[in-house]
Amino acid sequence: MKFSVLQFPGSNSDQDCVHAVLALGHQAEYLWHRQTSVGDCEAILIPGGFSYGDYLRAGAVARHSPILSAVIEFARAGGLVLGICNGFQILCEAGLLPGALVRNRGRTFRCEHVFLRAENRTSPFTCAVPEARTLKIPIAHGEGCYVAEPSTIADLERHGQVLWRYTDADGRVSDEANPNGSLANIAGIGNREANVAGLMPHPERACEPLAGSDDGKYWLESMIRTVTASQPNGA
Amino acid sequence: MKAKITITPKAAILDPQGQQVQQTMEQLGYGDIRRARVGKYLELELGDDTPELRNQVQRACREFLSNPVIEDFQLDFE
């Protein structure tokens, strides 16, 4: 399966994303922000970093880049798009996901491992997660506090669009386990159609035991399982 | 013509920067500072004043310069 990884000036997790895909035995190529087509890829990863220096707002400029128009078209046609960290901020700015990410409630940049619970194990981004498994994944962000109107949060909950929540090591949701003040401990969400998702933690940095955890592989494995299952020959 | 744009976090959105400014001002003894909100200010130099140009800048405020989910803006021309 072939992934494309976007590259903006200021992206810094693009190589981690490509490395993670290659480590799982699949293909990955970069898409530069000035490109106007996503080519023949089967899924897109929007990596973390500080695209365009986070000028104006995180993701605000990247959202209007040429490649994003192609990504929006790809997503509208049902293609799988996962935004990680700055990629999540870009997807919210683009309106592909509801809500926004603002400065962490505790005012500090958080760089550490956290625990997540996959809330909906039927999505293309969570279907490979073993039941009842708490996922150990690193975070690194200063603006990861997820906010949205109360009605939007209620809609997300009702339609199973909250995909990951911050928990403690035993999978319990608590204020102590919430690193940034996100509403309802939300670490990541999907769109109603379930083909676009975003999260603040970095699964691509946790795909090998050497990295301190390999739970991140479940994100890519879920996407791979979804795409290969949709192909007529099951290849 | 100039456009002067002030962007502020919505009242319902937590503003940690504003909280920090308020706390520090209090610590420094600047008196009865009850709340601070930190936003941003933009100044655009524009061509000749036309209704179309005003509309375009208004649209830019809504679609690009501010994020209506978390921010309000005030636009003034002079």
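Residue numbers begin at 1 in each chain, while the letters A, B, ... track the order of the sequences.
- Heavy-atom neighbours of B:Tyr30 OH from other residues, nucleotides or ligands within 6.0 Å: at or below the threshold of 12.
- Within a 6.0 Å sphere centred on CD of B:Glu43, other residues, nucleotides and ligands contribute more than 12 heavy atoms.
- Residues B:Ile70 and A:Val147 have side chains in contact (heavy-atom distance under 4.5 Å, counting atoms from C-beta outward).
- When the candidates A:His64, A:Arg57, A:Arg105 are compared by the number of heavy-atom contacts under 4.5 Å with chain B, A:Arg57 comes out ahead.
- Looking at B:Ile13, the atoms closer than 4.5 Å to chain A (heavy atoms on both sides) all sit in the side chain, from C-beta outward.
- Nearest approach of A:Leu56 to B:Phe64, heavy atoms of both residues: CD2-O, 3.4 Å.
- Heavy atoms of B:Gln19 lying under 4.5 Å from chain A belong to its backbone as well as its side chain.
- Contact tally against chain A (heavy-atom pairs below 4.5 Å) for B:Glu63, B:Lys10, B:Gln23: the top residue is B:Gln23.
- Heavy-atom neighbours of A:Arg76 CZ from other residues, nucleotides or ligands within 6.0 Å: at or below the threshold of 12.
- Other residues, nucleotides and ligands place no more than 12 heavy atoms under 6.0 Å from the OH atom of A:Tyr55.
- Annotation: A:Glu73, atom CD; neighbour count of heavy atoms from other residues, nucleotides and ligands within 6.0 Å does not exceed 12.
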